[in-house]
Amino acid sequence: MKTVKLMLAASAALIISAGAVSLAHAQDLPPLAKKDHYKVGFAQSESNNPWRIAETKSFQDTAPKCGWDLVATDAASSAAKQVADVDSMIAQGVDAIFLPPREEKPLLPAVLRAKKAGIPVFLVDRSVDANVAKAGRDYVTFLGSDFIDQGHRAADWLIKATGGKAKIIELEGTTGSSPANDRKKGFDDAVAKESGMTILASQSGDFARDKGRQVMETLLQAHPDVTAVYAHNDEMAIGAIQALEAAGRKPGKDVIIASIDGTRDAMQAIIDGKLGVTVESSPFFGPLSCETMKRYAAGEKIEPWVKVSDRIFTIDNAAASIAGAY
Ligand code: AHR
């Protein structure tokens, strides 16, 4: 009898504590009313590559279907401008903000100011420093890919394609951004396990084609023995191909290239035999953002990470997939 009473007390305590937890969450995150129309902010980081343009278009195309009056801004590659854009959305009293933070740290204060102003923030495609801000407490959720896994998959492909022997130049994305940090970790950790795989140099090309080309040009002079390139995105991979060709090298033959995104130009480079692989990173966040926001407005508890799953494109499927690329 005593045991039964103890069990009942324990489960009651559990229910109370579970209730307290969900109440705390409800109090922590700003609520979102169920309505037919919302004023929604989308604070884009830059528009200097096809991926970013496709992401913005996905939000613009989704807006009329989801009842959004969209306030879209472009931070033109400046974290400071992106902070100002979020602050302006707060001042305009938007109902919700979708934000791809250009870098992990500088956007944090703006995310917290939006929460304080009672505006739920959804991080899309890029995240903020997980040691400082938490999904379910400071912002609703992160919608996006597993960047560490993308880097790992690019490494696995390269290890296989080179028979585990390569001298690699790594072109990193924007310094301080979550995809650059995580794609580097996933790739570097995987190749570190292979004694024949050496990273000769690793430098940022800022996720941009021309910067990638310039960095590759410089690194190629310092490391003419390069046999492979890992670029954190397709734009830098295309820049690397241009630099290699200008130096009389044969991308896809004497230098094997792996990258991430799945753009139309990357698919074409695979078909042309210059790029070996691109691991997909989808920019089409509009429909998923609409669905997640509706779930949140309906009072559903949103998981901290709404994960997007990614395909991989090689010579086996690039021709069949290019029509759907951007
Ligand atoms: O955050 C995703 C990355 O950002 C994409 O790989 C890149 O092309 C973009 O600029």
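All residue numbers refer to positions in the sequence shown, counting from 1. Start at 1 and go down the list; that is how both ligands and their atoms are numbered. Note that the structure is predicted; figures quoted are calculated from it, not measured. Just so you know, these numbers use all the heavy atoms, side chains as well, and skip hydrogens, waters and symmetry mates.
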Using heavy atoms and a 4.0 Å limit, tell me yes or no: is [X] in contact with ligand 1?
X: Glu235; value: no
X: Arg102; value: no
X: Pro179; value: yes

Discussion item. Check this for me - ligand 1, His232, N or O atoms closer than 3.5 angstrom, yes or no?
Written reply: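 Between His232 and ligand 1 (N or O atoms, distance only) the closest approach is not under 3.5 Å.
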
Item to complete: Before signing off on this row, confirm whether Trp51 and ligand 1 have an N or O atom pair separated by under 3.5 Å.
Response: no

Worksheet entry | CA sep, side-chain torsions, deciding dist, call: Thr263, Glu235, side-chain hydrogen bond (donor to acceptor under 3.5 Å, both in side chains) | CA-CA 8 Å; Thr263 63; Glu235 282 296 282; 5.0 Å; no

Short list, please: which atoms of ligand 1 are under 4.0 Å from a heavy atom of [X]?
X: Asn233; result: 6 (O), 7 (C), 8 (O)
X: Arg183; result: 5 (C), 6 (O)
X: Asn49; result: 8 (O), 9 (C), 10 (O)
X: Arg126; result: 1 (O), 3 (C), 4 (O), 9 (C), 10 (O)

Side-chain ion pair, [X] and [Y], N-O less than 4.0 Å:
X: Asp156; Y: Arg153; result: no
X: Arg209; Y: Asp234; result: no
X: Glu245; Y: Lys274; result: yes

Discussion item. My understanding is that we take every heavy atom of each candidate and find the minimum distance to atom 2 (C) of ligand 1. Doing that for Asp261, Thr263, Asp125, Val279, which one comes out nearest?
Written reply: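 Answer by nearest heavy atom: Asp125.
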
Item to complete: Indicate the ring-plane relationship of Phe207 and His232, choosing parallel, tilted or perpendicular according to the 30° and 60° boundaries.
Response: tilted

Worksheet entry | Trp305 and Phe142 aromatic ring geometry - parallel, tilted or perpendicular at 30°/60° bounds | tilted

Worksheet item: Just by modelled atom types, is the Ala43 backbone N or O under 3.5 Å from a matching donor or acceptor in the Gln82 side chain?
Response: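 Such a contact is found between Gln82 side chain and Ala43 backbone.
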
